[in-house]
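All values reported here derive from a predicted model rather than from experimental measurement. When a residue number appears, it is its place in the shown sequence, counting from 1.
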Amino acid sequence: NNVGGVVGHNGVYIIVNKVYNTGAVSGASCVGGVVGNNDNINSKRIISQAYNTGTVSGSDNVGGVAGRNVGTIHNVYNTGMVSGSGYYVGGVAGNNASTDGIICYTYNTGAVNGNSNVGGVVGDNNWGTVTNSWYATTDAANHEINRSMNNIGTGEALSVLQGMKLTDYGFDANYWRTNAADGSTK
């Protein structure tokens, strides 16, 4: 449990900033490409300017960037495949688990697969806030992916996402390049 490509459990007043993961990440519950569990009561938990390109797999609470979120996730992306054998599986976060959960300025271009509560951006949004977030509905070969999702976030063809100027959608120009086509940072 609490397995992440960079941090397993992001606890009290920790900011995970300007980090990335390119390797495969696997575990049981709360598995994320960057952070497994972005959670601790009464504290600030922030993931920003981060990305994952590796494959992420687990049972439940599995996400491309964070498995479980009760904090803030912004200016992040995932391009890796995300799969869960159980529930709460998402391209950015598996479970945005409370009213304290805020996810904004994110995108996912990886395929997401799970059994229950599956989403291109978030598998389950339990009273949290998700804004300015996108997910791919096609892969590089133009095959459909992420079609039977929960409609949290905006689904677009990969070619549309690759042509987006991220700064037009609120991504921080000081960190991100001008579009998602290269999928990299400055």
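Put simply, the side chain of Tyr20 does not reach to within 4.5 Å of the side chain of Thr53, judged on heavy atoms. In this structure the side chain of Val25 never reaches within 4.5 angstrom of the side chain of Thr55, judged on heavy atoms. At least one side-chain heavy atom of Asn132 sits under 4.5 Å from a side-chain heavy atom of Trp134. Counting heavy atoms from C-beta on, the side chains of Val76 and Asn78 never come closer than 4.5 Å. Between Leu161 and Thr109, the closest side-chain pair of non-hydrogen atoms falls below 4.5 Å. Using a 4.5 Å heavy-atom threshold, the side chains of Val82 and Val62 count as touching. The closest side-chain heavy-atom distance from Val122 to Ile103 is below 4.5 Å. In this structure, Ile46 and His74 have side chains that are in contact, with non-hydrogen atoms separated by less than 4.5 Å.
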Discussion item. Show, in sequence, the C-alpha distance, side-chain angles and deciding distance for Asn96 and Asn126, and conclude whether the side-chain contact (heavy atoms from CB on, under 4.5 Å) test is met.
Written reply: CA-CA 6 Å; Asn96 198 29; Asn126 189 9; over 6 Å; no
Practice prompt. Begin with the C-alpha distance, continue with both residues' side-chain angles, and end with the deciding distance and a verdict on side-chain contact (heavy atoms from CB on, under 4.5 Å) for Val65 and Thr106.
Written response: CA-CA 10 Å; Val65 174; Thr106 70; over 6 Å; no
Item to complete: Walk me through it: do Val89 and Val112 pass the test side-chain contact (heavy atoms from CB on, under 4.5 Å)?
Response: CA-CA 7 Å; Val89 183; Val112 181; 3.8 Å; yes
Practice prompt. Applying side-chain contact (heavy atoms from CB on, under 4.5 Å), run through Thr131 and Cys104 and close with a yes or a no.
Written response: CA-CA 5 Å; Thr131 59; Cys104 57; 3.4 Å; yes
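Hydrophobic clustering (side-chain heavy atoms under 4.5 Å, transitive across Ile, Leu, Val, Met, Phe, Trp, Tyr) groups Ile14 together with Ile73. Cluster membership check: Ile145 does not share its hydrophobic cluster with Val118, using side-chain heavy-atom separations under 4.5 Å among Ile, Leu, Val, Met, Phe, Trp and Tyr. Hydrophobic clustering of Ile, Leu, Val, Met, Phe, Trp and Tyr side chains at less than 4.5 Å, counting indirect connections, keeps Tyr105 apart from Val160.
The backbone N or O of Gly32 sits nowhere less than 3.5 Å from a side-chain atom of Asn37 that would complete a donor-acceptor pair. Within the 3.5 Å criterion, the main-chain N or O of Ser57 finds no donor-acceptor partner in the side chain of Ser83. Judged purely by atom type and a 3.5 angstrom limit, Thr137 uses its side chain to pair as donor or acceptor with the backbone of Glu156. Checking side-chain atoms of Asn108 against main-chain N and O of Val121 turns up no donor-acceptor pair under 3.5 Å. Counting only distance, with no hydrogens or angles, the side chain of Asn61 and the backbone of Gly94 share no donor-acceptor pair below 3.5 Å. Of the possible donor and acceptor atoms, none in the side chain of Asp124 sits under 3.5 Å from a partner among the backbone N and O of Tyr88. Without hydrogens or angle criteria, Thr138 side chain to Leu158 main chain gives a donor-acceptor distance under 3.5 Å. Judged by distance alone, the side chain of Asn115 and the main-chain N or O of Ser85 form a donor-acceptor pair under 3.5 Å. Panel note: side chain Asn52, backbone Gly64; a donor-acceptor pair is recorded below 3.5 Å.
Checking Asp60 against Ser29 by side-chain atom types alone, a donor-acceptor pair falls below 3.5 Å. Judged by distance alone, the side chains of Ser48 and Asn75 never bring a donor and an acceptor atom under 3.5 Å apart.
Tyr87 approaches Asn117 most closely through the heavy-atom pair CB-OD1, 4.3 Å. The shortest heavy-atom contact between Val34 and Tyr51 is CG2-O, 3.6 Å.
Of the inter-residue distances, the one linking Ile102 atom CD1 with Thr129 atom OG1 reads 5.5 Å to the nearest 0.5 angstrom. Note that CG of Asn125 is 9.5 Å distant from CG of Asn69, once rounded to the nearest 0.5 Å. Between atom CG of residue Asp39 and atom SG of residue Cys30 there is a gap of 8.0 Å, rounded to the nearest 0.5 Å.
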